[in-house]
Number of protein chains: 2
Amino acid sequence: MTRNAPIATRNEVARAVRSALVTNGYADLRTAHIADASSKSEGSLYYYYETKDEQLAVFLRRAPTWFDERIEEIDASDPDERLREICDLLIASDEDDPLYGLQIVLMQLTSHASYNPPQLREALTEYKRHLHGIISEQLRAGIGQKIYRNDIDPEETATFILMVLDGTIGSGTALEMQGFETDAQTQLEAYLDDLLI
Amino acid sequence: MTRNAPIATRNEVARAVRSALVTNGYADLRTAHIADASSKSEGSLYYYYETKDEQLAVFLRRAPTWFDERIEEIDASDPDERLREICDLLIASDEDDPLYGLQIVLMQLTSHASYNPPQLREALTEYKRHLHGIISEQLRAGIGQKIYRNDIDPEETATFILMVLDGTIGSGTALEMQGFETDAQTQLEAYLDDLLI
């Protein structure tokens, strides 16, 4: 049974899991790493979250807000400009960016989804849908403002863009194939240019 | 020190790692799983490959040939038709396909690349370059045969296609978001249509 943790505890656990994941990678993650990254002892983490998977679920439910906070900082009001900045932000390949590493560990969890309990799959699915919603929102706004062609399907197009970003995070960021990253970004720019009226 | 294993042993280790990875996932992979999936004892695996990472490297160096064998079976000679069949094959999302699960575990290793020793990163980079080469070869053939437009950059375009496939393997296959998979494939078809003269 999971006890209802106070919000401050949930947020701290989410941040500790994030930090421990980015440092150690999912395959080597131990609850001791999570405890080390928080002010809590392993025992008190287990008081609220009895398994590592429950701790991971707290992290996954919190993950969308870390991107939302950054997206809110984008100044551009033009949907096309916003979308391009969002794409850059979601690749998060700059090692000095606090988001660096976060997308990589989310990819680790995504690729292990079928081995993990349903609660993790559901939280990951929610997270992907959330990003998809952010992208499709810009596309719909752009179509509405006659910036993007009105024959594009915003839902399908958002999926395609998200798949390009996810693939680029894998080979480009995680595997550090910089040539792939640059080429994928150039082609994504061209793809977005093609959506314009 | 790694002793030079006979080819038959290398192949058996590669197959055993593949099977153990697909069954258990990278995060839970133990050398005992690999030994269980082979005719070798854990002790005799260690005689040739002293660490799990060395066993994984053998698997990664063998992985391209499993795709090559399947690509060789494609009958189509038209580069565009071949490319579309290759894209389907690389997503490998049909659970009855022997390739099912292989791309997912390769994605698990890709997303852990920066936590792993250089030999694994190098083998993964080679594997990605190999797939990229297969895709760009079809694009170049298609441009040569005036099937594809001659203003496309076959290298960049191959990267973009590979990133779409990789992203789709993550969300579509590993996370089983079938809607994403269908939409990404529809949009990839449209993207390929756009390359045609």
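Convention: sequence-line order gives letters A, B, ...; per-chain numbering from 1. The structure displayed is predicted, hence computed values, not measured ones.
Within residues 156-169 of chain A, the residues having any heavy atom closer than 4.5 Å to a heavy atom of chain B are A/E156, A/T157, A/T159, A/F160, A/L162, A/M163, A/V164, A/D166, A/G167, A/T168, listed by residue number. For residues 97-117 of chain A, a heavy-atom distance under 4.5 Å to chain B picks out A/I104, A/V105, A/M107, A/Q108, A/T110, A/S111, A/H112, A/A113, A/S114, A/Y115, given by residue number. Listed in order of number, the residues of residues 60-90 of chain A that approach chain B to under 4.5 Å between heavy atoms amount to none. Inspection of non-hydrogen atoms places A/L21, A/V22, A/T23, A/N24, A/G25, A/Y26, A/A27 of residues 15-27 of chain A under 4.5 Å from chain B.
Top candidate by heavy-atom pairs under 4.5 Å with chain A, chosen from B/A190, B/G170, B/S171, is B/S171. The most heavy-atom pairs under 4.5 Å with chain B, out of A/R121, A/M177, A/R129, A/E155, come from A/M177. With chain B as partner, the option from A/L188, A/T173, A/D28, A/L29 having the largest number of non-hydrogen pairs under 4.5 angstrom is A/L188.
The local environment of CD1 in B/I197 is crowded, with over 12 non-hydrogen atoms from other residues, nucleotides or ligands closer than 6.0 Å. Counting heavy atoms of neighbouring residues, nucleotides and ligands inside a 6.0 Å radius, atom CG of A/L196 exceeds 12 of them.
With rounding to the nearest 0.5 Å, the separation of CD in A/E176 from CG in B/L124 is 12.0 Å.
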